[in-house]
Every structure is written in C-alpha cells, then in structure tokens.
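Below, chain A is the first sequence line, B the second, and so on; all start at residue 1. This structure is a prediction, so every number in the text was calculated from the model and none was measured.
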Amino acid sequence: MSKSRRWDPKDSESKLLPIYQHKTKLIQAVSDSAFLIVTGETGSGKTTQLPQYLHQAGFCKDGKIGVTQPRRVAAITVAQRVAHEMQCTLGRDVGYQVRFDDCTSEDTVVKYMTDGCLLREILADPGLSQYSVIILDEVHERSLNTDILLGLLKKIFSNPAKATKGRAFPLRVVVMSATLETNKLSSFLGNCPVFVIPGRTFSVTCTFGTAIGPKDTESTAYVKEVVKMAFDVHTSERAGDILVFLTGQSEIEHACDLLFEKAESIDYRYDVQDQTVEGLLILPLYGSMPTDQQRQIFQPPPPRIRKCVVATNIAATSLTINGIKYIVDSGFVKQLNHNSRVGMDILEVVPISKSEAQQRAGRAGRTSAGKCFRIYTKEFWEKCMPEYTVPEIQRTSLSAVILTLKCLGIHDVIRFPYLDSPEERFILEALKQLYQFDAIDRRGRVTQLGEMMVEFPLHPGLTRAVLKTASLGCQDLLLPVAAMLSVENIFIRPGHPDKQKEADKKHRALAAKSGGMNDFATLLCVFQSCKSSDKPSVWCKENWIHWRALKSAFSVERQLCEILHRLQQKKDFPIETFDGNKSELFRRCLCSGYFTNVARRSVGKVFCTMDGHGSMVHIHPSSSLFDQEAELNWVIFHDVLVTSRVYIRTVCPIRYEWVKDLLPKLHEVDVFELSSVAREEVTDEEMIKWETREAAKRQPEVSTEDVMKKLEKRNNEATVSDARARYLQRKQLRQQSKAL
DNA sequence: GAGCACTGC
C-alpha cells in the first residue's frame with residue numbers, strides 16, 4: 001500500500017517553484033565540483049526538487065542520492081511528497097530512513113534520512129560506497145550531527161586520493177542552507193561555489209517594543225508583556241491568527257490564563273477594530289503536551305474566531321501552523337548548556353539570537369504578508385542578542401561524538417575540521433570520560449569495549465553498565481532502565497495541587513513496589529508492570545505515567561536488545577560470574593557505568609560529588625531516597641538539575657567498597673597530558689615517556705579519602721551559583737508579579 | 001519539599 005499522501009499532484013506546480021529556472025545550471029554545478037553550496041529561503045523548492053533534478057540527470061546510475069534532515073518528520077514528509085511528485089510508491093525509488101522506521105528497499109535511489117542515520121551508516125561504511133551524491137539539508141540549523149557530517153565529508157572527500165579509495169566514482173556533496181554565513185561555509189569547504197536560489201515567502205514587517213530593554217535579561221516581565229502585546233494585536237489588527245513565542249510549559253500556561261482573562265472582558269461591539277473578529281481561541285503548545293491535544297493546534301478556528309497559539313520554540317522549526325499572520329516574540333528561549341568546568345548541563349532562559357528572531361518572524365510569512373511584534377527594544381536587539389545561536393557542538397557534552405570519531409579512525413579529534421571548533425577543554429573532558437569508561441586506552445585508541453559501546457544510541461556510561469549486565473547474563477535488569485532513561489520523563493506531575501498529591505501517591509507506591517530506596521529499580525518496575533498489564537495505556541493513566549514516553553521506551557528497549565544480541569553473536573564477548581543477591585548485582589552493574597556520578601553525604605542533607613568538581617548537591621524530592629537518612633552515605637545518580645538548588649535525580653544507594661577501586665581513576669588522568677594524546681603528531685617514543693611519567697605519578701596510590709578531603713574544601717564553581725541565583729531571582733519576580 | 005526547551009541514534 002502506498003504511504004504517499006493524496007494532495008493534488010500538479011506537475012505544473014513544481015515548475016512554478018523558484019528553483020525550476022535554475023535547473024540546468026544547477027545540475028551542471030553539481031557535476032562540476034566535489035562540493036557545492038545551495039542557498040535559498042523556505043519556499044524555493046530546493047529540498048524537494050534538487051534530488052529529482054539530479055535523478056533525472058542520471059546521477060543515480062552510479063549510486064544513490066542521500067538527503068539528510070535534522071528532524072524525523074521532515075525526512076518522512078519530504079520523502080512522501082517527492083515520491084508523489086515522481087509518481088512512485090514510497091519505499092521503492094524514493095524512500096526514507098529514520099530510527100525505528102526504515103522505508104527503503106533495494107530499488108531506492110533517492111533516500112531521505114535523518115542526519116543521525118547517515119552518521120550511523122558512515123560507521124558501517126566510511127566510504128559511503130552506495131552513494132553518488134550526499135545532500136546535507138538545513139545546515140544553517142547547525143545540529144550536532146550535521147556539523148559532524150560536514151567535517152567528516154570535508155575530511156574524507158576533499159582529498160581526491162582518499163575520496164576515490166574504494167569507490168568507482170567521485171562523491172558529490174551538496175550543502176543546503178538558508179542564506180546565512182555562506183561565505184564562512186564556502187571557505188570551510190575549500191572556497192566551493194555557492195548557488196543562490198531566490199525564496200518565495202511573503203514579507204514580514206517587524207516592529208520593536210518598549211518593554212524589555214538591555215537591563216531586563218534576567219527578568220520575567222516578558223510574560224506579561226507578550227500577553228499585553230497579543231491582546232493589542234487581537235483588538236487592533238485585521239483577521240489572521242497569532243503565534244506567541246515563550247520559553248516553557250508553566251510560563252505558557254500562565255500566559256494563556258492571563259490572556260483568557262483579558263479576552264473575556266472584551267466587548268466586541270466596541271473594543272475590536274476588525275468587526276469580522278468576534279472571539280479569541282487560546283491554545284498552548286509545547287512538546288510534552290499529549291499528541292491529540294497538539295493536533296488541535298492545526299484545526300482551523302471557527303468562522304470569525306481568531307486563533308492565538310502560545311508556544312515554545314517547537315513552533316519555530318518542528319511544527320508549521322497554517323494561517324499565522326502575526327508573531328509576538330518574547331525574545332527568550334530555554335537553552336541547555338553544558339558546563340565542562342563543573343561537568344554539568346544547565347538549562348537556562350537566555351535571549352535568542354538575531355537569526356533565531358528572524359526565523360520566528362518568518363513563521364508569519366508562509367502564506368501571505370505578515371507582521372512580527374517584538375516586545376523588546378531595538379537596544380536590546382543590538383546589545384543583548386548575539387548574531388547567531390551558539391552551535392550545538394559548542395554547547396553539549398561530546399563524549400559520544402568523540403567516540404564516534406575515534407571509531408572512524410580519526411585520532412586527532414582536536415584538529416578535526418569543525419566548522420566551529422568546540423573549546424579544547426570540552427574535547428579533553430570527553431576524552432577523559434571515555435578513558436574512565438575504558439572506551440579508549442591511555443594512548444587514545446579505541447578499545448574493544450569502546451567499539452561495542454559506539455553501537456549503542458546511549459550515553460557511554462549507561463552503555464558500560466548495560467554491557468556489564470550483559471557479561472553477567474542479567475541484561476534484562478538494565479536494558480529497560482537504559483531505555484527509560486533515554487526517553488522523555490515518564491512521571492507525570494500535574495499543575496493542580498490535588499492531582500499532584502494523587503500522582504505523587506501513585507509514584508510512591510510504584511517505588512515501594514520495587515522495594516523502595518532505588519530509583520533505577522522503580523523505573524524497571526514501571527516498565528515491567530506496564531508491559532505485563534492487559535491495557536497498558538489505561539495502566540499508565542491510572543498511575544500518572546506518560547504513555548507516549550513509555551511506548552517509545554518499549555521501542556528503544558527492543559532496539560537495544562537487537563544491538564546487544566548482534567554483539568553477543570561475535571566472538572570475544574566477555575562472560576563473567578557473580579554470586580550475591582539480585583539487588584546488589586543490579587546496583588554493582590550500575591556502578592560500573594555511574595562511578596563518575598558518585599556522591600557522598602557531607603553534612604545533613606548535603607551530598608558532595610566525587611567527580612573531581614566536588615559540587616554540593618541535594619537529592620531531588622521526587623526521589624524515593626529523599627529524606628531517607630539512615631545508612632545512606634554513598635549514592636550514585638543519573639543526572640543533575642540546577643534550579644533552586646543543585647539536585648541529583650534518579651538516585652541509588654551504593655556501598656563505598658563497590659566504587660573504591662574505580663574512583664581513583666577519576667583523578668588519574670591529567671587533562672593537559674590528555675591534550676597530547678589527542679594529537680596525532682605524538683610519537684610512540686613520547687608516548688612511552690608520558691606513560692612512564694604517569695606511572696611514576698601514580699606510585700603513591702591516590703586514596704579516595706584524600707581526594708574527598710580536598711574536594712569538600714573546594715567551593716562550587718561560580719557558574720552553578722550564578723545559574724541558581726538567576727533562577728531564584730526569576731522565581732522571586734514571578735511571585736511578585738503574581739501577588740500584584 | 002519539587003518550576004525541564006528542542007532534536008537525534
């Protein structure tokens with residue numbers, strides 16, 4: 001059965017696209033050079049048309065055309081559209097591949113996929129021997145995987161000798177991007193040609209406000225201001241829907257409440273200028289919302305009613321809502337930044353970049369001319385907003401990425417051709433972590449364990465724990481937990497206090513059912529209980545568990561099982577034995593992956609991390625270990641959350657003896673020494689010298705107790721306390737605004 | 001005593 005959607009297949013329609021008149025030149029440009037940049041705003045037709053042109057021009061004779069997208073939905077919908085335009089069944093000539101869904105066949109010559117999928121393919125076939133053309137789309141978004149692919153393609157294929165190695169024909173690489181930073185891209189790719197295609201979007205006029213100035217980067221005033229602005233738009237502008245950009249769920253719900261109150265008070269006979277508008281439909285939109293509720297956003301509003309969608313950044317790229325004519329932009333976004341000095345990820349509200357503001361504004365010009373109302377001043381724009389968003393590669397923990405590069409035989413990960421290099425300490429931190437997990441050896445070479453680890457779509461530490469259970473034959477304990485930890489939060493905690501109590505009670509019962517005192521075991525218990533239930537979705541509802549999240553955890557678990565099974569088929573898979581009870585076995589396996597996340601009770605409820613940063617942390621109240629005092633001096637935790645305090649979440653008590661031998665490893669490697677390991681030019685001789693020096697240093701064995709004493713004296717890094725201070729300030733302002 | 005955006009394998 002065809003999966004293609006049935007919209008009107010007008011061949012003439014594609015000829016009207018701006019790209020059509022450049023067809024011949026574009027095909028020529030692709031054949032002329034190894035790298036080509038194609039730029040054009042949305043609506044130029046580059047994503048759907050270029051692969052078809054290349055197909056018609058015979059580029060599929062030697063291999064496939066692969067097109068990457070940063071998002072699953074985009075890969076799927078574009079493939080559907082192109083299959084339809086080419087009048088073929090989806091999955092035959094035209095197909096797509098995303099995680100859990102491979103819709104391709106032996107006949108597939110035009111393949112759309114996510115950037116992560118192509119990266120996986122390169123691991124299996126570094127020469128990309130099946131492809132004649134690779135097209136990287138949406139490169140301006142700077143997703144981590146696309147950035148890595150870009151560097152890999154440059155490194156592998158800019159050298160003609162290497163590029164033809166194992167290939168019968170040269171590979172063509174097309175990089176597609178919005179018209180941003182094309183000079184930088186071109187010089188990165190050896191001054192390759194740039195092909196510009198005009199877009200077909202409508203004009204959007206932008207105005208600045210007066211409310212948020214350069215002094216307000218830490219304030220929450222923007223919530224009230226966007227509400228005021230949206231209300232003004234509603235009463236003074238002609239018909240057309242409104243899209244409001246805010247940063248998160250609670251904020252959005254608060255704004256919706258305020259807007260609703262205001263909208264209630266309107267007398268439509270006098271207050272609203274456009275008399276064809278007789279009401280306002282207010283709809284929140286954020287990622288964790290139930291899918292059916294999300295779907296309502298796309299319904300056209302009833303006649304004479306104006307729709308106002310209050311959304312997170314999800315509406316900036318992932319979801320397109322038709323009929324939006326007005327944008328109200330708060331100028332802020334919630335962004336996850338990795339801090340390598342404290343080894344923590346901190347989620348913060350920060351001003352958006354200018355390019356992101358333009359992206360938001362562009363959402364109003366998809367079907368007709370629109371208007372964008374920015375609540376911040378021109379001065380805020382100039383002084384507080386950076387030109388471009390810091391690319392993901394400079395903001396995230398890199399251990400998984402560095403392991404991938406190492407597995408591809410790229411030893412010198414510091415001088416890898418990054419479009420924007422991450423700070424060296426980010427790379428060194430990743431190397432150090434990989435070394436601690438035994439994924440790489442002291443010379444920076446991938447170990448057998450590392451080669452197995454790279455196969456799993458998980459954090460290296462979690463993978464190590466999984467492999468440990470597998471070698472002991474008890475992977476059933478940990479695979480579900482690993483799956484649960486790699487999907488969105490499965491515990492629902494509603495906003496209403498009564499329901500909150502009810503949900504908490506259910507969650508505590510689930511923790512007790514698993515034996516209590518171990519949050520990892522609770523996850524396993526939830527997984528198993530739901531799976532064995534007759535009506536899993538009903539079970540979830542009763543227990544305040546996120547059914548969508550749990551469903552994806554089931555798929556992840558299945559995938560992890562398959563990968564593990566494949567690895568176990570190979571020889572050399574380690575087999576160990578353990579005698580002791582199940583609870584200890586479970587926790588000891590966790591230790592083998594979480595020994596970098598160990599904390600020891602310091603004073604009262606305060607714990608101190610043992611990772612070398614010595615941060616003071618608290619157990620999160622959602623944990624079953626919260627307020628448990630007895631016999632609880634050593635714990636491991638899955639992650640850290642910086643809000644009013646530095647909290648550790650998903651916690652499990654351990655015994656010091658289980659990590660005693662592992663902890664010194666955390667302090668064994670000097671990061672500055674590692675920088676030489678990362679570089680290719682280090683000779684074996686130097687290496688031996690280094691290793692001898694290291695061995696000499698280790699002579700007086702580092703005692704964990706010594707390290708502990710040192711750490712407890714050290715203060716938390718300023719960044720964490722800054723983040724906390726900002727959080728508390730926002731909280732205070734929020735309370736003040738509520739009181740008023 | 002709880003305030004986490006989005007995406008991907």
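Rounded to a whole Å, the CD atom of Q69(A) is 12 Å from the P atom of dC9(B). Going from atom CG of L408(A) over to atom P of dC9(B) covers 18 Å, rounded to whole Å. Regarding D147(A), its CG atom lies at a distance of 16 Å from the P atom of dG8(B), rounded to whole Å. Regarding R548(A), its CZ atom lies at a distance of 9 Å from the P atom of dT7(B), rounded to whole Å. Rounded to whole Å, the distance from NZ on K501(A) to P on dA2(B) is 15 Å. Rounded to whole angstrom, the span from the NZ atom of K605(A) across to the P atom of dA2(B) amounts to 10 Å. Per the geometry, CD1 belonging to I122(A) stands 15 Å off P belonging to dC9(B), to the nearest Å. Between the CD atom of E141(A) and the P atom of dA5(B) there is a distance of 20 Å, rounded to whole Å.
For the pair T247(A) and Q559(A), nearest-nucleotide mapping onto DNA chain B gives the more 5' position to T247(A). Both L458(A) and G287(A) sit near DNA chain B, but only G287(A) has its closest nucleotide nearer the 5' end.
Residue S143(A) places none of its side-chain N or O atoms closer than 4.0 Å to OP1 or OP2 of dT7(B). Under 4.0 angstrom from either OP1 or OP2 of dG3(B) there lies no side-chain N or O belonging to K334(A). Regarding contacts with the backbone of dC9(B), a side-chain N or O of T114(A) is found under 4.0 angstrom from either OP1 or OP2.
Residue-level contact check: Q500(A) touches neither bases nor backbone, having no heavy atom under 4.0 Å from any strand. Base contact: L336(A) has a heavy atom under 4.0 Å from a base atom. T317(A) comes within 4.0 angstrom of no nucleic acid atom, judged by non-hydrogen atoms across all strands. Note on D504(A): a base of the nucleic acid sits closer than 4.0 angstrom, heavy atoms only. In this structure, L641(A) reaches the bases: a heavy-atom distance under 4.0 Å links it to at least one base atom across the strands shown.
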Problem - Intermediate values then yes/no, ring-ring contact (aromatic ring centres under 6.0 Å, His included), F554(A) and F527(A) - result: CA-CA 8 Å; F554(A) 290 156; F527(A) 187 96; 5.0 Å; yes

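Residue H620(A) places its side chain closer to dG3(B) than to any other of dG1(B), dA5(B), dG3(B). Comparing dC9(B), dC6(B), dG1(B) against the side chain of T312(A) picks out dC6(B) as the nearest. Distances from the side chain of R72(A) to the nucleotides dG3(B), dG8(B), dA2(B) place dG8(B) closest. Nearest to the side-chain atoms of R99(A) among the listed nucleotides dT7(B), dA5(B), dC9(B) stands dC9(B). Here the side chain of Y286(A) is nearest to one of dC6(B), dG3(B), dC9(B), namely dC6(B). Each of dC6(B), dA5(B), dG3(B) was ranked by its minimum atom distance to the side chain of L347(A); first place goes to dA5(B). Taking every side-chain heavy atom of P621(A) into account, dG1(B) is the closest of dC6(B), dC9(B), dG1(B). For R120(A), the side-chain atoms get nearest to dC9(B) when compared with the rest of dC9(B), dT7(B), dA2(B). Checked against dC9(B), dA5(B), dG1(B), the side chain of F626(A) finds its nearest nucleotide in dG1(B).
Cation-pi geometry between K506(A) and F491(A) is not met: the NZ or CZ atom fails to fall both under 6.0 Å from the ring centre and inside 45° of the normal.
Between K111(A) and E121(A) there is a salt bridge, since a side-chain N of the basic residue sits under 4.0 Å from a carboxylate O of the acidic one.
Minimum interatomic distance between F380(A) and T217(A) (heavy atoms only, all atoms of both residues): CE1-CG2, 3.8 Å.
For E356(A) and T389(A), the side-chain atoms include at least one donor-acceptor pair closer than 3.5 Å. Donor-acceptor pairing under 3.5 Å is lacking for the side chains of D102(A) and Y96(A).
Within a 6.0 Å radius of CZ in F298(A), more than 12 heavy atoms belonging to other residues, nucleotides or ligands are found.
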